Amino acid sequence: MSQLWIATLLSSLICFFLKYLGYRIPESLLNRPVIQRINSLIPIALLSSLVAVQGLTIEQEVVIDHRLVGLLVAAIALGFKANFPIMMLLAAASSAAVYNL
Amino acid sequence: MAVAIPVGTYGAAFGAASIAAGFSILQTCLLSLLLFSGASQFAVVGVMGSGGSALSAIATGSLLGFRNGLYGLKMAPLLKLKGFKRVIGAQLTIDESTGVAISQEGRGDEAARYGFWATGIGVYFFWNLFTLLGALGAGAIGDPAAWGLDAVVPAAFLGLLWPRLTDNKTRILAISAAILALLLVPIVPAGIPIIATALLAVIFGSRAKQ
């Protein structure tokens, strides 16, 4: 089985299992303040590093290119409370414009 | 349905990004049908697309999926599900359905339950429909960068991150995580820099009360 299939099926299985687990375990087990705090912070750390890695690296190098323009435009759009579709379109359009220069 | 358009755009972006990362149309659609959690799906295709191993893709996706389990804890006493309905309810337990259910709690349990199911089913339908459209669309265009697709993925992560940056602590964590990841990129295999930043969240969360 290829790596892509393994990633597709195993991540689906584990993510479903995590959802289902929430309905099967007693609430007291995870309802501790420290767990709640870490749980709300993990997405922040992962999403932020994903922004950086997906926007600023190619393979194992840090690279500044057209994607950074798209990201900056996205950040400005989010700062102006643009909704999701508008923000994505602006990011794609600005990045593509710089790439096609 | 107010959620349909943003979910549709985001789903189409996922479909396209997944194809650009090398996944087939079938694999892309299976991720939306079976995994069904936007951030985790983007993470899996993002890590694989940047050359990471399946193991780091699975680990990153699962770490991001952990919060759905805690949503389930919150939803279980409200929904009181058994058997097959519990399987369906669990699969639909995501940011949007949980968020709507919680926002409706003031109007009674019935309204909260309705909010959960209506949002969960609506998002599931549009997310999967637009994943397929995005995947088909991406197959039809040539170079993803020429269409700005390579910027769409980090922009999508930024859009998910933005509303979570509510105070200085979360902003400092976000910036530290981004810097740590970039420092690690040249020296460890792809995928690891992202997982490593989860440790920062654990450190930030175990210290400091606020």
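Keep in mind that what you see is a predicted model, and the values were worked out from it rather than measured.
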Can you tell which part of [X] gets under 4.5 Å to a heavy atom of chain B, answering side chain, backbone, both or neither?
| X | answer |
| --- | --- |
| A:Asn100 | side chain |
| A:Ala91 | both |
| A:Leu21 | neither |
| A:Tyr23 | both |
| A:Ile25 | both |
| A:Met87 | side chain |
| A:Glu61 | backbone |
| A:Pro26 | backbone |
| A:Ala77 | neither |

Do you know which of [options] has the most heavy-atom pairs under 4.5 Å to chain A?
| options | value |
| --- | --- |
| B:Ala145, B:Ser56, B:Ser176 | B:Ala145 |
| B:Thr60, B:Leu149, B:Val87 | B:Val87 |
| B:Leu199, B:Leu173, B:Val152 | B:Leu173 |
| B:Val153, B:Leu70, B:Leu200 | B:Leu70 |
| B:Gly51, B:Ser62, B:Ala57 | B:Ser62 |
| B:Ser50, B:Ala190, B:Pro186 | B:Pro186 |

Notebook entry, point to check: Short question: side chain of B:Ser18, backbone of B:Phe14 - any donor-acceptor pair under 3.5 Å?
Noted result: no
Between [options], which residue shows the highest count of heavy-atom pairs closer than 4.5 Å to chain B?
| options | answer |
| --- | --- |
| A:Leu4, A:Val98, A:Leu18 | A:Leu4 |
| A:Glu59, A:Gln3, A:Gln36 | A:Gln3 |
| A:Ser95, A:Ala74, A:Ala52, A:Ala45 | A:Ala45 |
| A:Gly55, A:Pro33, A:Ser12 | A:Ser12 |
| A:Leu46, A:Ile6, A:Ile14, A:Leu89 | A:Leu46 |
| A:Lys19, A:Gln54, A:His66 | A:Lys19 |

Item checked: Ion pair A:Arg67/A:Asp65, N-O distance below 4.0 Å -> yes
Note to self: I'd like to know if B:Asp95 and B:Arg164 make a salt bridge, using a cut-off of under 4.0 Å between side-chain N and carboxylate O.
What the structure shows: yes
[X] and [Y]: side-chain donor and acceptor closer than 3.5 Å?
| X | Y | result |
| --- | --- | --- |
| B:Thr119 | B:Ser97 | no |
| B:Ser32 | B:Gln41 | yes |
| B:Asn68 | B:Thr93 | no |
| B:Asp167 | B:Thr170 | yes |

Next item on the list: Go through the structure and list residues passing salt bridge (charged side-chain N to carboxylate O under 4.0 Å, His left out) with B:Arg113, not counting sequence neighbours.
Entry: B:Glu110
Rounded to the nearest 0.5 Å, what separates atom [atom1] in [X] from atom [atom2] in [Y]?
| X | Y | atom1 | atom2 | value |
| --- | --- | --- | --- | --- |
| B:Leu184 | A:Thr57 | CG | OG1 | 11.5 Å |
| A:Ile86 | A:Leu78 | CD1 | CG | 11.5 Å |
| A:Leu56 | A:Ile64 | CG | CD1 | 5.0 Å |
| A:Ser2 | B:Met48 | OG | CE | 7.5 Å |

Notebook entry, point to check: Any chance the rings of B:Trp127 and B:Tyr10 have centres within less than 6.0 Å?
Noted result: yes
Would you mind checking which part of [X] comes under 4.5 Å of any heavy atom in chain A, side chain (CB onward), backbone (N, CA, C, O), both or neither?
| X | answer |
| --- | --- |
| B:Phe36 | both |
| B:Ile179 | neither |
| B:Pro163 | neither |
| B:Val44 | side chain |
| B:Leu79 | side chain |
| B:Trp147 | backbone |

Check: Closest approach of B:Leu92 and B:Gly120, non-hydrogen atoms and distance?
Finding: CD2-O, 3.6 Å
Item checked: Side-chain heavy atoms of B:Phe204 within contact of A:Ile38, under 4.5 Å -> no
Checklist line | A:Tyr99/B:Asp150 under side chain to side chain donor-acceptor pair (under 3.5 Å): CA gap, chis, key distance, verdict | finding: CA-CA 10 Å; A:Tyr99 181 81; B:Asp150 53 349; over 6 Å; no
